[in-house]
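Worksheet for the structure shown next.
Everything numeric here is computed off the predicted structure, so don't read it as measured data. Chain naming here is simple, since letters A, B, ... match the order of the sequence lines and numbering starts at 1 in each.
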2 protein chains.
Amino acid sequence: MQVYQAPLRDMRFVLHELHADDGHGDLPAFEEFTPDLLDAVLEEAAKVAQDILLPINRSGDEEGCTLENGVVRTPEGFKAAYEQFRQGGWCALASDPEWGGQGLPESVNKLVEEMICAANVSFSLYPGLTHGATTAIEGYASDELKRAYLPKMVEGSWSGTMCLTEAHCGTDLGLLRTRAVPQEDGSYKITGSKIFISAGEHDLTENIIHLVLARMPDAPKGVKGISLFLVPKYLPKADGAVGPANGVSVAAIEHKMGLKASATCQLNFDDSIGWLVGTAHKGMEAMFTMMNTERVSVGVQGLGLGEAAYQAAVWYAKDRIQGRSLSGVKRPDLAADPIIVHPDVRRMLLTARVYNEGCRALGGWVSRALDAQKHSPDPEVRQRAGDLVALLTPVVKALFTDLGYDSANHAVQVYGGHGFIRESGVEQYVRDARIAMIYEGTNGIQALDLVGRKLGAHMGRYLRPFFHPISNFIEANGAAEGPLQPMVQGLQQAFGALQLSTGTIAQKGMKDPEEAGAAATDYLRLMGLVGMAYCFAKSVRIAGEKLAAGDADADFYKAKIATAAFFFDRILPQATVCFLAIKSGKKSMMALEEAAF
Amino acid sequence: MQVYQAPLRDMRFVLHELHADDGHGDLPAFEEFTPDLLDAVLEEAAKVAQDILLPINRSGDEEGCTLENGVVRTPEGFKAAYEQFRQGGWCALASDPEWGGQGLPESVNKLVEEMICAANVSFSLYPGLTHGATTAIEGYASDELKRAYLPKMVEGSWSGTMCLTEAHCGTDLGLLRTRAVPQEDGSYKITGSKIFISAGEHDLTENIIHLVLARMPDAPKGVKGISLFLVPKYLPKADGAVGPANGVSVAAIEHKMGLKASATCQLNFDDSIGWLVGTAHKGMEAMFTMMNTERVSVGVQGLGLGEAAYQAAVWYAKDRIQGRSLSGVKRPDLAADPIIVHPDVRRMLLTARVYNEGCRALGGWVSRALDAQKHSPDPEVRQRAGDLVALLTPVVKALFTDLGYDSANHAVQVYGGHGFIRESGVEQYVRDARIAMIYEGTNGIQALDLVGRKLGAHMGRYLRPFFHPISNFIEANGAAEGPLQPMVQGLQQAFGALQLSTGTIAQKGMKDPEEAGAAATDYLRLMGLVGMAYCFAKSVRIAGEKLAAGDADADFYKAKIATAAFFFDRILPQATVCFLAIKSGKKSMMALEEAAF
C-alpha cells in the first residue's frame with residue numbers, strides 16, 4: 001500500500017543539526033528564513049505531497065497519458081493537482097525572487113523535492129523540467145528572453161523541457177542532426193526530431209518552452225558545433241499572452257516500463273521559430289548547467305522512491321502476520337507474528353532504511369554546498385562549495401538512484417507474492433525508479449564524469465572539500481568510545497581504501513584511460529559509501545551528545561545510532577569489494593574479444 | 001530486441017565435459033541416450049524455443065490474459081504454440097515412460113527448461129506446473145488416481161496446478177482455511193478460496209487438475225493438519241473423457257508486474273469433489289516433493305531470463321554506436337564506435353555473462369545429481385547425490401533468480417533510455433524475472449531452509465558432497481600455473497570463508513536461531529559464489545587441457561578462460577562481504593525497536 005508520510009524529523013536533523021559545522025556559515029541571503037519558517041515550509045510541503053500528490057500516484061500509473069489527435073492528456077486529477085500546486089507557490093520555491101520566485105535555500109528545496117518524488121514521481125517531472133529550463137535561461141539567455149519567459153515559467157503557468165536526445169544519439173550528442181537556420185530578424189528556424197522528451201506535451205500549462213539542442217549550418221562537427229535554442233510551443237504575443245502555434249508537434253508518446261503518468265514525447269520541430277540561448281556552438285555548456293542541476297534532482301528522485309518504498313514495506317511488515325518469531329511467540333493474541341519479527345525481513349527493511357537516511361544526509365551536505373556556492377559572501381567558501389558540488393553531483397545522481405532502486409526491490413520482496421500484484425502499489429516503485437539510473441546521463445556516464453573530469457582536475461582540487469572534513473573527523477574522533485568507536489574505525493578503513501583507489505586510478509588512468517573507465521563504477525560507489533559512512537558517524541556523534549544532554553527526543557537519536565550500526569555492519573563492507581574490483585584493473589574486462597560475446 | 005539463440009555450445013560443455021568426474025557414473029537407465037542423441041534433443045528444443053515460443057513472448061506480454069464470464073483466454077498464438085509443443089512431445093520429456101513420458105535425464109531436461117524460459121517464461125508455466133503436479137501424483141497418489149490422471153497429464157492434454165496460497169497465508173501454510181469434508185464413497189468435498197494459482201484456469205488444455213492443500217474437520221492445528229487433494233476442473237467419465245464441471249470457478253485473474261501471459265488466478269472451490277493424495281494430515285510432505293522439483297525449475301527460470309537478457313544486451317551493444325573507444329577510434333567507417341568498446345558496458349555484459357555461465361555450470365552439477373539420486377544402481381551414490389540436491393536446491397532457487405534479475409537489469413542499463421521503452425523488449429525481462437525471487441518460497445525462505453534444515457542436519461552430512469569435491473579440487477590444483485593459479489587461490493579463500501561461516505552459524509545458531517536467521521541470506525550467497533567459483537575453476541582446467549591438446553574448438557575454451565577471469569576478479573570478492581556480514585551477527589539487525597521503524 002502506498003502510505004507515504006514525509007520523514008520530517010530526519011529532514012530537520014539533516015537541515016539543522018548534521019551539517020551545521022560544514023564551514024558554509026550562515027548565509028546572509030537567507031537571513032529572513034528562520035529555522036521555524038523553514039520547518040513550516042517542510043510541513044506544508046508534506047501536506048501537499050501526502051494529500052494532493054499521493055492520492056493520484058497509483059491511478060496515474062494505471063491510466064497513463066494518452067495522445068489523441070496531437071493532444072496529450074495527463075491522467076485524471078493531474079490537471080487539478082498541478083493547479084493547486086502552482087497556486088500554492090510550489091513551482092517557484094527555490095527560484096530567484098527577481099522572476100517571482102521565493103528564493104528559498106536549495107537545502108530546503110531538495111527536501112521538498114524528495115517529498116514530491118516520494119508521493120508522485122511522475123508528477124514531479126512537470127515542475128522539475130521547468131526548473132531545469134529556467135536555470136539555463138537565467139544563466140545564459142538574453143535579458144529580453146528572460147523577461148519574456150521567466151516570470152511565466154517561474155509561476156508555473158508555462159512549463160519547460162530539455163530537448164537533447166535524438167533516436168540515434170543520447171550519450172553522444174555530437175551526432176545530433178536537428179538544424180537551426182538563422183533568420184534575418186535574429187531568430188532561427190529549427191527543424192528536426194527529438195525523442196524521450198519528458199513533459200514534451202501535456203495539458204497542464206498554457207504554453208511549453210522547449211530548450212532544444214541543434215546545429216547551425218556553419219557549425220563545426222561534433223559537440224563543439226551544438227547550440228541551444230529556446231523554442232516555445234506557442235509564440236508569445238507582445239502582451240505576453242499565448243499566440244500562434246510554432247510548428248512543434250507530437251509524433252508519439254512512449255510506452256514505458258514505468259513513470260506512466262509522465263508524458264514522454266517524440267517531438268517534431270518543423271521550421272519552428274527559436275532564439276539562441278548563450279553563445280553559438282557553445283550549447284553544451286548551457287546544457288550542462290541545466291543537466292547538473294537536474295542530476296542532483298534525479299538523485300533525489302531515487303531517494304524519494306526509496307523512502308516511499310521503505311514506508312510501504314514497513315507498513316506491510318507490521319501488518320502481515322505469518323510464522324512465529326525464532327526467539328519465541330511475540331503476539332500470542334494473533335494466529336501468527338507480524339513478519340517484522342523475522343531477521344531476514346528486518347535485513348531488507350534496514351537496508352532500505354540506511355540507504356534512505358544515508359542518502360538524505362549526504363544529499364543535505366551537497367545541497368547546503370549548492371547554497372553556499374551561490375550565496376556565500378566569501379569567494380573562498382564559494383569555490384570550495386562549488387568544488388564539493390562538482391565532485392558529488394555524479395555521486396548523488398548514480399548512488400541515490402541505484403540505492404533507491406534496490407530499496408524499491410527490497411520492498412517488493414517484503415511483500416512477497418502480493419508485491420508482484422499491481423494493486424499493492426509497491427511494484428510501481430520498482431518500475432518508476434528504474435529510469436532514474438538511466439536518464440540525465442546513465443549511471444555509468446556519471447562514474448566516467450567522476451573519474452574523468454572530477455578526480456584529476458586542478459591537481460585534485462575537487463577532492464579536497466570531501467577528503468578534508470572526513471580526515472579531520474577521523475582524527476578528532478580517534479579516541480571515541482561506545483557505539484562510535486567501531487564506526488570511526490570502519491570509516492577510516494573505507495576512507496583508506498578510497499584514498500588508495502584514488503591514487504591507483506590517477507596513476508593508471510593517466511597512462512591508459514581505459515583503466516579509469518574500468519574502475520569508474522566501483523570508484524563512484526566507494527566514494528558514495530565513504531560519504532554515507534561519514535554522515536552516519538557524524539550523526540552518531542551528535543546523537544551521543546544529545547542523549548548525554550538528556551534531549552527530549554531520545555527515541556530519534558537512539559534509532560539513529562541503531563540504524564547507523566546496521567550500516568557499518570552490513571553495508572559498508574561493500575567498500576572492500578569496490579576496492580578489490582578497482583585493484584584488479586581493466587585486464588579481465590577488456591580481454592574477451594568482441595566476437596566471443 | 002528479443003534475439004534469443006540457445007547457447008548450445010556451453011550447454012554441451014556443461015552436459016558432457018564439466019561434470020564427467022562427478023562420481024555419479026554412467027547411469028544404466030540412460031544407456032540408450034547417446035551423447036549424439038542428447039545433443040539432437042537440445043538442438044530440436046532450441047528450434048522450438050526460438051521459432052515457436054520466442055515470437056509470441058512480447059506480444060503475449062502486451063496482450064496478457066483476459067477473464068470474461070468465467071473463461072480465461074491466453075494471448076493470441078498461445079493455444080497453437082501449446083498444441084505444437086505438446087504434439088512434439090515436449091511436455092513429456094523427463095516424465096516416466098510408464099505414463100507415456102520419454103524418460104530423458106533431468107540433466108538434459110533442465111537445459112531444455114532453460115531454453116523455454118529464455119524464450120517465453122510465461123509459456124513455461126503451463127507445462128511447468130503440470131510437471132510439478134505429476135511429480136506429486138506419481139510419488140503419493142493411489143494407483144487408481146495415477147492411472148486416471150497421469151497419462152493425460154504427461155501427454156499434456158490435461159494440465160496441473162499447485163493450489164497452496166490463500167489470501168492470508170503464503171509462507172505460513174499452517175494458517176490455511178480451505179476445508180475438505182470426507183464423503184461416504186471415500187472422496188472429499190473441498191471448499192475454500194486460493195490465490196496466486198499459476199495456470200489456474202486457461203484455454204490450452206481440455207482439463208485442469210488442481211492439487212489442493214486443505215484441512216479435514218478433525219485435523220490437528222497448524223501445518224500438521226494439512227492434507228493434499230486432487231481436484232479436477234472437470235470430473236473424468238469412466239472412459240477417461242472429460243465429464244461434468246466440478247465446482248471450481250475463477251474469481252479473478254491477477255494484474256501483475258510481469259509474467260502477463262501466464263494466467264494467475266484466484267480460484268474458488270465450492271463443494272468440489274476431490275481425492276486424498278498421500279496420507280491424511282501429511283499433505284506438506286507431498287507438497288514439498290512437488291515444491292522442491294519446482295524450486296530447481298524456478299532457479300532455471302532466472303537463468304533463462306538472464307541469458308535472454310544478456311543476448312539482447314550484446315546485440316544492442318554491438319549495434320548501437322555512441323562515442324569513441326577510450327583507447328582510440330575502433331570503427332573509423334562509422335560516425336561512432338559500437339558501445340561494446342566501452343569498459344563500463346563490458347562490465348555489465350560480462351557480469352551477466354558470468355552469472356549465466358556460472359549458474360548453468362552449477363545447475364548442471366545439481367541436475368546430474370537429480371538423475372543419480374533417482375537412477376544410480378549404487379545406494380551410496382544415490383544418497384550422496386540426494387544430499388547434494390537437498391543442499392543446493394535452495395541455493396539454485398535463490399541464487400539463480402537473484403542473479404537472473406540482476407542480469408535483466410544490466411541489460412536494460414546497456415540499452416540506456418531505449419531499455420525503459422516497452423518496444424525494446426528488455427524491460428519485460430526485468431518484470432518477468434521479478435517474481436522468480438518470490439514464488440515457490442521467497443529467496444529469504446530458501447536461505448532459512450539452507451541454514452535451518454540443511455546445514456546442520458545429520459551432523460552436516462548434506463554439506464559433504466559439496467565440500468569434498470571442492471577441497472579435493474583445491475588440493476589437486478594447488479600447484480597449477482597460468483590463468484588457473486590465481487583462480488585456485490581465489491576459490492581457496494572463498495571456500496575458507498564458507499567453512500568458517502558454516503562453523504560460526506552452526507555454533508551460534510544452535511544457541512540462538514535468530515543468529516542463523518540473521519546470517520541466512522549472506523550464507524546462501526556465499527555458498528553460491530563458492531559453487532560458481534568451483535565450476536569456473538574446473539572449466540578453466542578443462543579448457544587448458546583442451547587447448548594444450550590442440551582442440552579444434554579453441555575459441556570456445558579461450559572465451560571460457562577469459563570469462564572465468566572476470567568472475568574471479570570482479571564477482572568473487574563479494575564473498576568477503578558475505579563473510580563480514582555473517583560475522584557481524586544479529587545484533588545490529590535486531591536492535592531497532594519495532595516502533596522505531
Which atom pairs, one a donor and one an acceptor, fall under 3.5 Å between side chains of residues 579-591 of chain A and the rest of the protein, sequence neighbours left out?
| unit_1 | atom_1 | unit_2 | atom_2 | d |
| --- | --- | --- | --- | --- |
| A/S584 | OG | A/A581 | O | 2.8 |
| A/S584 | OG | B/R570 | NE | 3.4 |
| A/K586 | NZ | A/D512 | OD2 | 2.8 |
| A/K586 | NZ | A/E514 | OE1 | 2.9 |
| A/S588 | OG | B/D569 | OD2 | 2.9 |

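- Within the structure, every pair that satisfies the ring-ring contact (aromatic ring centres under 6.0 Å, His included) test and touches residues 408-434 of chain B, not counting sequence neighbours, is listed here: A/F196-B/H418, B/Y316-B/Y415.
- Residues A/L326 and B/E515 fail the side-chain proximity criterion, which asks for heavy atoms closer than 4.5 Å.
- Atom CD of A/E423 has 12 or fewer neighbouring heavy atoms from other residues, nucleotides or ligands inside a 6.0 Å radius.
- There is no contact between B/A520 and chain A, counting heavy-atom distances below 4.5 Å.
- Proximity to chain B involves both the backbone and the side chain of A/V412, based on heavy atoms less than 4.5 angstrom apart.
- In terms of modelled atom types and a separation under 3.5 Å, the side chain of B/Q413 and the main chain of A/M437 share a donor-acceptor contact.
- With a 6.0 Å radius and a threshold of 12 heavy atoms from other residues, nucleotides or ligands, A/R177 has its CZ atom at or below the threshold.
- Comparing A/R320, A/E254, A/Q574 by how many heavy-atom pairs each has under 4.5 Å with chain B, the most go to A/R320.
- Contact annotation for A/T576: only side-chain heavy atoms (C-beta onward) come within less than 4.5 Å of a heavy atom of chain B.
- Proximity to chain A (any heavy atom under 4.5 Å) is restricted, for B/I340, to the side chain, taken from C-beta onward.
- For the pair B/L175/A/Q322, a side-chain contact is recorded, criterion being any heavy-atom separation below 4.5 Å from C-beta on.
- Counting only residues at least two apart or on different chains, the salt bridge (Lys or Arg N to Asp or Glu O under 4.0 Å) pairs with a member in residues 336-351 of chain B are B/R324-B/D337, B/D344-B/R347.
- Distance check, rounded to the nearest 0.5 Å: CD1 of B/I421 to OG1 of A/T264 gives 6.5 Å.
- Between chain B and the options A/A516, A/S327, A/A317, A/A596, the largest number of non-hydrogen pairs under 4.5 Å is found for A/S327.
- Heavy atoms of A/A595 lying under 4.5 Å from chain B belong exclusively to its backbone.
- Residue contact with chain A, scored on non-hydrogen atoms closer than 4.5 Å, is absent for B/F568.
- For a heavy-atom cut-off of 4.5 Å, chain A lies close to B/A559, B/A562, B/T563 in residues 556-564 of chain B.
- Interface residue A/R431: backbone and side-chain heavy atoms are both found under 4.5 Å from chain B.
- Counting heavy-atom pairs closer than 4.5 Å to chain A, the top-ranked of the candidates B/S424, B/P338, B/G444, B/G258 is B/G258.
- Contact annotation for A/R422: both backbone and side-chain heavy atoms come within less than 4.5 Å of a heavy atom of chain B.
- Interatomic distance, A/H342 NE2 to B/I445 CD1, rounded to the nearest 0.5 Å: 7.5 Å.
- Annotation: maximal heavy-atom pairing with chain A below 4.5 Å, among B/A336, B/P343, B/G323, occurs at B/P343.
- For the set B/L350, B/I435, B/D555, B/L572, the count of heavy-atom pairs under 4.5 angstrom toward chain A peaks at B/I435.
- Most heavy-atom pairs under 4.5 Å with chain A, from the set B/T165, B/V577, B/V314, B/L592: that is B/L592.
- In this structure, the portion of A/I195 lying under 4.5 Å from any heavy atom of chain B is its side chain and not its backbone.
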>> Show, in sequence, the C-alpha distance, side-chain angles and deciding distance for A/R434 and B/N409, and conclude whether the side-chain contact (heavy atoms from CB on, under 4.5 Å) test is met.
In response: CA-CA 9 Å; A/R434 187 63 190 82; B/N409 274 299; 2.9 Å; yes
>> Go through it in stages, so that I can follow the logic: the residues are B/L349 and A/F597, the test is side-chain contact (heavy atoms from CB on, under 4.5 Å), and I'd like the CA-CA distance, side-chain angles, deciding distance and then a yes or no.
In response: CA-CA 8 Å; B/L349 295 177; A/F597 275 90; 3.8 Å; yes
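- Only the backbone of B/A167 comes within less than 4.5 Å of a heavy atom of chain A; no side-chain atom from C-beta onward does.
- In this structure, the portion of A/S325 lying under 4.5 Å from any heavy atom of chain B is its side chain and not its backbone.
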